[in-house]
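Written out below as structure tokens is the structure these notes cover.
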Amino acid sequence: QVQLVESGGGSVQAGGSLRLSCAASGYTSSRYAMGWFRQAPGKEREGVGTFDSDGSTRYVDSVKGRFTISKDKAKNTFYLLMNGLKPEDTAMYYCAARYGGSWYGRPPLADFWYTYWGQGTQVTVSS
């Protein structure tokens, strides 16, 4: 049973930083894609970025240059480092994963494409 457990959310002032963690367990495939998503109150869930098992990443334009996704292989943990946070980054953040199979190009920033989801962690940025 695949499990994704997020942590690291909190409240910061604009310009601050946070690092979210997503600990993954129970998977068996070396081919995977991992995504970070966020959902603000009253808005649709939005893809923030993805991490492919080949090491490549992609980001939505609004976070490029500010957010970085990485993975600690030894800990089976993914990270979302968020710098230069803005009030509009306030949302519940989720990690998601898809294991096995194949795809062309980089994993999509589309929530329906991912199979497993974490419980979410709240990020609040004050001005």
Side-chain angles (χ1 to χ4, degrees):
Q1 183 74 15
V2 175
Q3 284 192 318
L4 303 176
V5 180
E6 296 130 343
S7 60
S11 297
V12 296
Q13 289 189 328
S17 299
L18 281 174
R19 189 181 74 164
L20 307 184
S21 300
C22 176
S25 62
Y27 63 91
T28 57
S29 177
S30 60
R31 184 77 171 108
Y32 61 84
M34 185 272 173
W36 282 99
F37 292 81
R38 65 186 180 185
Q39 188 167 23
K43 295 187 177 181
E44 293 187 354
R45 189 156 53 188
E46 172 191 33
V48 174
T50 66
F51 183 98
D52 196 309
S53 51
D54 66 5
S56 62
T57 56
R58 69 182 297 182
Y59 302 92
V60 69
D61 287 346
S62 60
V63 307
K64 283 181 180 177
R66 299 189 298 124
F67 290 12
T68 304
I69 299 174
S70 62
K71 182 188 179 185
D72 183 327
K73 291 183 179 180
K75 296 181 179 180
N76 291 331
T77 299
F78 299 90
Y79 300 99
L80 177 64
L81 175 62
M82 305 183 293
N83 294 321
L85 282 162
K86 304 175 181 180
E88 52 263 42
D89 294 319
T90 294
M92 184 71 79
Y93 283 71
Y94 300 88
C95 65
R98 175 171 174 151
Y99 293 96
S102 61
W103 50 87
Y104 178 78
R106 295 180 181 177
L109 282 166
D111 56 4
F112 66 84
W113 193 78
Y114 295 83
T115 310
Y116 303 99
W117 289 82
Q119 81 285 359
T121 186
Q122 178 68 36
V123 171
T124 302
V125 185
S126 58
S127 58

- Task: Grab the two heavy atoms, one from Asn83 and one from Ser17, that are nearest each other, plus how far apart they are.
- Result: OD1-OG, 2.8 Å
- Item | Closest contact, heavy atoms only, Met82 versus Leu20 | CE-CG, 3.7 Å
- Do any pairs count as a disulfide bond (SG atoms under 2.5 Å apart) and have a residue in residues 34-127, sequence neighbours left out, and if so which ones? Cys22-Cys95
- For Ser62 and Glu46 the tightest heavy-atom approach is OG-OE2, 3.9 Å
- Item | salt bridge (Lys or Arg N to Asp or Glu O under 4.0 Å) partners of Asp72, counting only residues at least two apart | none
- Message: If hydrophobic clusters are built from ILVMFWY residues whose side chains come within less than 4.5 Å, do Met92 and Phe112 share one?
- Response: yes
- Answer yes or no: is there a side-chain heavy-atom contact under 4.5 Å between Tyr94 and Leu4? no
- Note on the structure: Smallest heavy-atom separation, Val48 atom then Val63 atom, equals O-CG2, 3.7 Å
- Task: Mind jotting down which residue pairs meet the salt bridge (Lys or Arg N to Asp or Glu O under 4.0 Å) criterion with at least one end in residues 82-104? Sequence neighbours excluded, please.
- Result: Arg38-Asp89, Arg66-Asp89
- Between Asp111 and Trp117, does a side chain to side chain donor-acceptor pair (under 3.5 Å) hold up when you go through it step by step? CA-CA 10 Å; Asp111 56 4; Trp117 289 82; over 6 Å; no
- Query: Linking I/L/V/M/F/W/Y whenever their side-chain heavy atoms sit closer than 4.5 Å, directly or via other members, would Ile69 and Trp113 fall into one cluster?
  - Reply: no
- Message: So does Tyr32 get a backbone contact from the side chain of Ser53, meaning a donor-acceptor N/O pair under 3.5 Å?
- Response: yes
- Has the side chain of Arg106 got a donor or acceptor atom that lies under 3.5 Å from a matching backbone atom of Thr57? yes
- Task: Keeping the roles fixed (side chain from Tyr93, backbone from Glu6), state whether a donor-acceptor pair exists under 3.5 Å.
- Result: no
- Task: Let me see the working for Asp54 and Arg31 under salt bridge (Lys or Arg N to Asp or Glu O under 4.0 Å), right down to the final yes or no.
- Result: CA-CA 8 Å; Asp54 66 5; Arg31 184 77 171 108; 5.3 Å; no
- Query: Can we call the ring centroids of Tyr114 and Phe37 under 6.0 Å apart?
  - Reply: yes
- Query: Do Arg58 and Thr50 meet the criterion of a side-chain donor-acceptor pair at a distance under 3.5 Å?
  - Reply: no
- Can you check whether Phe78 and Trp36 have ring centres sitting under 6.0 Å from each other? no
- Shortest non-hydrogen pair, Val60 vs Leu109, comes out as N-CD1, 4.0 Å
- Got Thr68 and Tyr79 here, is their nearest side-chain heavy-atom distance under 4.5 Å? no
- Which atom of Ala14 lies closest to which atom of Pro87, heavy atoms considered: CB-CD, 4.1 Å
